[in-house]
Undergrad: 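Quick one: the structure is below, and I'll ask about it shortly.
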Amino acid sequence: IAMFDTDMNFIVTSRFWLEEFGQGYDYLAGRNHYVVNPDLPLVWKQVHQRVLSGEYLRNTNDLWVQADGSRHWFDWAANPWTDTNGKIGGIIITNEDVTARHQAELALRHSEARLALIVDQVKAGYWDWDFIGRQLFLSPEAKRQIGFDDCDIPTRREEWKARVHPDDLAFVLKLLKDYAAGLQSHYEAEFRFRHQDGHYRWFRSRSVILNDAHNRPCRMLGSSLDVT
């Protein structure tokens, strides 16, 4: 956090601001923000003028390309401060460097895109079963594999058990029980599952169980491949 006068000279800053944006100075009071940081984007300078006119502004994931070419993203908020007579005396800015979070989110989106491409190429379906909310998500391919539309997907465990071939059910349930008990590192099985058309199709299924903060199972994520 930093406090400025109407000419954008520093009045006071937090220790964090000094460490992150002080450009090596031991203190910033009395120094001009634009002299200390000559690479500030023009749009930020325009924001400062708007705030000095009385606006309260904020933004998230705002990019600052610094003089050395490094790219940083920030969440910030700026508001005017007033003196005892109610006259605007400058602005106060709070700033948080969220570069690591932004890069992690970007990497996740890229990973999801690659996964979606792979899943599409191999014709694998994937699913996500929320034990707490009792909600089931099926990818388009997973729905197609078993002949379901969005409106008629069963979400109750009993309905899915009823569709597993009777000769395979005990085997599948034992594998699930052993996995949940920690006797296996993952769940993987081949079994027959009844399609909406009434015929059984062979599937190879892999899944993992996710636990909550209390180490209780809360979700099951898996993939299925029609190997009929």
Side-chain angles (χ1 to χ4, degrees), residues 1-117 128-137 139 208 210-219 221:
I1 186 171
M3 185 178 186
F4 303 87
D5 63 19
T6 54
D7 294 320
M8 292 305 295
N9 296 312
F10 288 96
I11 297 175
V12 65
T13 71
S14 65
R15 183 182 299 275
F16 178 78
W17 185 292
L18 181 63
E19 293 174 351
E20 290 295 309
F21 311 114
Q23 303 297 340
Y25 288 107
D26 293 330
Y27 65 93
L28 293 174
R31 302 183 188 276
N32 187 268
H33 189 26
Y34 304 144
V35 174
V36 175
N37 296 285
D39 53 0
L40 280 177
L42 175 60
V43 66
W44 284 9
K45 296 179 180 180
Q46 294 170 339
V47 163
H48 299 158
Q49 293 307 307
R50 290 174 60 186
V51 175
L52 285 169
S53 297
E55 293 188 59
Y56 292 74
L57 301 174
R58 63 188 303 128
N59 202 358
T60 58
N61 277 333
D62 207 355
L63 174 62
W64 177 11
V65 181
Q66 296 182 312
D68 61 2
S70 61
R71 299 163 66 86
H72 297 267
W73 283 263
F74 296 90
D75 288 354
W76 57 261
N79 61 274
W81 62 267
T82 58
D83 60 22
T84 55
N85 297 317
K87 181 180 178 181
I88 292 177
I91 68 175
I92 295 174
I93 300 175
T94 58
N95 208 1
E96 180 184 3
D97 189 335
V98 295
T99 302
R101 185 186 73 193
H102 176 86
Q103 291 175 338
E105 291 172 349
L106 185 62
L108 177 60
R109 288 196 294 270
H110 288 166
S111 177
E112 289 174 340
R114 289 193 294 268
L115 177 60
L117 178 61
D128 179 352
W129 205 322
D130 180 356
F131 297 154
I132 308 302
R134 302 184 66 84
Q135 296 295 316
L136 174 67
F137 168 79
S139 70
V208 294
L210 303 183
N211 294 332
D212 61 17
H214 303 288
N215 204 34
R216 295 175 301 197
C218 61
R219 293 172 67 188
L221 309 178

Undergrad: Mind listing the closest non-hydrogen atom pair of Leu40 and Tyr34 along with its distance?
TA: CD1-CD2, 3.7 Å

Undergrad: So does Phe4 get a backbone contact from the side chain of Asn9, meaning a donor-acceptor N/O pair under 3.5 Å?
TA: no

Undergrad: For Arg101, I'd like to know if atom CZ has over 12 heavy atoms of other residues, nucleotides or ligands within 6.0 Å.
TA: yes

Undergrad: Going by the rule side chain to side chain contact (heavy atoms under 4.5 Å, CB included), which residues pair with Ile11 if we only count those two or more places apart in sequence or in a different chain?
TA: Met3, Asp5, Trp81

Undergrad: Does any pair with a residue in residues 14-31 pass side-chain hydrogen bond (donor to acceptor under 3.5 Å, both in side chains), and if so which ones, sequence neighbours excluded?
TA: Gln23-Asn37

Undergrad: If you look at every heavy atom in Leu18 and Leu28, which pair is closest and at what distance?
TA: CD1-CG, 3.7 Å

Undergrad: Would you give the length of the straight line joining atom OG1 of Thr13 to atom CD1 of Ile93, rounded to the nearest 0.5 angstrom?
TA: 12.0 Å

Undergrad: Sequence neighbours excluded, which residues qualify as side chain to side chain contact (heavy atoms under 4.5 Å, CB included) partners of Thr94?
TA: Ile1, Ala77

Undergrad: Tell me whether Asp97 contacts the main-chain N or O of Thr99 through its side chain, where contact means a donor paired with an acceptor under 3.5 Å.
TA: yes

Undergrad: Is the closest side-chain heavy-atom distance between His102 and Leu63 below 4.5 Å?
TA: no

Undergrad: Using the test side chain to side chain contact (heavy atoms under 4.5 Å, CB included), find all partners of Thr84 that sit at least two apart in sequence or belong to another chain.
TA: none

Undergrad: Hey, what do you get for CG (Asp128) to CG (Leu221), rounding to the nearest 0.5 Å?
TA: 4.5 Å

Undergrad: Applying salt bridge (charged side-chain N to carboxylate O under 4.0 Å, His left out) as the test, list every pair that has at least one member in residues 39-54; sequence neighbours left out.
TA: Arg50-Glu55

Undergrad: What distance do Ile88 atom CD1 and Thr6 atom OG1 have between them, rounded to the nearest 0.5 Å?
TA: 10.0 Å

Undergrad: Where is the tightest heavy-atom contact between Ile91 and Val51, given as atom of each residue plus distance?
TA: CG2-CG1, 3.3 Å

Undergrad: Applying salt bridge (charged side-chain N to carboxylate O under 4.0 Å, His left out), which residue pairs with at least one partner in residues 77-90 are found, sequence neighbours left out?
TA: none

Undergrad: Can you name the one residue among Trp44, Trp73, Trp76 that meets ring-ring contact (aromatic ring centres under 6.0 Å, His included) with Trp64?
TA: Trp44

Undergrad: Aromatic contact between Phe21 and His72, with the criterion being ring centroids under 6.0 Å apart: yes or no?
TA: no

